[in-house]
Amino acid sequence: MILRNFAVIEGCDGSGTTTQLTLLKTRFEKSETGPPLFTTCEPTRGPVGMLIRRILRGEVSVMKETLARLFAADRTDHLYAPGGIEERCRRGELVVSDRYSPSSLVYQGIECGPSLPRRLNDSFPDPELLIYLDIDSGAVTERLEGRKNLEIYEEPDFQARVRDGYRKLLPAYEKAGVRVLRLDGKAPREKLAGEIWRALGEMPICKESPG
Ligand code: TYD
């Protein structure tokens with residue numbers, strides 16, 4: 001099932017998903033047209049998301065299958081808790097998330113094999129638009145080198161597998177009717193922001209929304 005008014009930004013670590021969401025929010029705030037925008041991220045800032053962040057920082061450790069389940073539990077809250085993604089989309093907000101179930105299918109797919117993450121994420125709706133920021137592992141390495149405290153997945157060999165994982169996964173979303181936009185994550189960030197802005201503007205909610 002596709003959840004209308006919902007878009008996600010995906011990519012390897014260091015691909016710029018968080019930067020793009022911030023640029024989008026700023027641009028939206030300046031614009032006087034369009035629907036209300038709600039930007040959000042996974043892992044969330046909720047209780048399960050905070051536990052996941054501690055695991056990613058290596059402060060606590062759990063089995064990889066447990067982590068896959070935690071991501072799905074965090075996503076359940078993210079979607080269905082009061083004020084969550086589903087409620088907002090249904091009442092006519094445009095919701096854009098920095099990561100969503102494709103991250104689990106790719107990252108936990110590498111960690112646990114494909115069947116557990118697929119099963120855990122099967123019942124969640126698909127986004128209407130999936131924006132993928134593609135960067136090669138050389139660029140990932142360069143960008144991660146500048147970071148102080150690396151998280152468990154922020155490692156070049158793993159990220160090369162992540163990129164390959166997205167490349168194989170995205171056609172399945174297209175087949176399911178999701179609009180997939182592949183962008184060159186190495187392009188200047190303002191150029192990328194413009195492309196993302198245009199893609200969101202083509203969503204029916206933006207076209208219908210009174211200017
Ligand atoms: P990231 O967007 O890098 O968060 P931040 O910028 O705040 O550090 O996401 C955190 C990490 O979690 C990233 O390595 C991808 C990983 N991840 C998964 O493995 N599975 C998931 O389902 C999600 C949402 C993220």
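Start at 1 and go down the list; that is how both ligands and their atoms are numbered. Predicted, not measured: the structure shown is a model, and the values here were computed from it.
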Over 12 foreign heavy atoms within 6.0 Å of CZ, Arg57: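 Above 12, so yes.
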Ligand 1 to [X] polar contact by distance, N or O atoms, under 3.5 Å:
X	value
Ser104	yes
Asp13	yes
Thr17	no
Tyr100	no

Criterion salt bridge (Lys or Arg N to Asp or Glu O under 4.0 Å) on Asp134 and Arg163, from CA distance to verdict: CA-CA 7 Å; Asp134 184 36; Arg163 187 184 192 213; 2.9 Å; yes
Suppose we measure from [atom] to each protein heavy atom; which comes out shortest, and what is that distance?
atom	answer
atom 2 (O) of ligand 1	Arg99 NE, 2.9 Å
atom 5 (P) of ligand 1	Arg53 NH1, 4.2 Å
atom 17 (N) of ligand 1	Phe71 CZ, 3.5 Å

With Glu10, the side-chain hydrogen bond (donor to acceptor under 3.5 Å, both in side chains) member among Ser103, Ser15, Ser101: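 When Ser103, Ser15, Ser101 are each tested with Glu10, the side-chain hydrogen bond (donor to acceptor under 3.5 Å, both in side chains) holds only for Ser103.
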4.5 Å side-chain heavy-atom contact, Tyr100 and Pro102: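 Answer yes - side chains close enough.
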Minimum side-chain heavy-atom gap Glu190-Leu23 below 4.5 Å: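 Yes. Closest side-chain heavy atoms under 4.5 Å.
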For ligand 1, the portion of Leu56 having any non-hydrogen atom under 4.0 Å away: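 The answer is the side chain.
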Near [X], which atoms of ligand 1 are under 4.0 Å from a heavy atom of that residue?
X	answer
Glu151	8 (O), 10 (C), 11 (C)
Arg75	21 (C), 22 (O), 24 (C)
Thr18	6 (O)

Ile85: which of His78, Arg90, Glu93 passes side chain to side chain contact (heavy atoms under 4.5 Å, CB included):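 Among the candidates, only His78 passes.
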Aromatic plane relationship, Tyr107 with Tyr166 - under 30° parallel, 30 to 60° tilted, over 60° perpendicular: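 The rings of Tyr166 and Tyr107 stand perpendicular, inter-plane angle above 60°.
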Quiz item: cation-pi between Arg182 and Tyr132, 6.0 Å / 45°: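 Not satisfied by the 6.0 Å and 45° rule.
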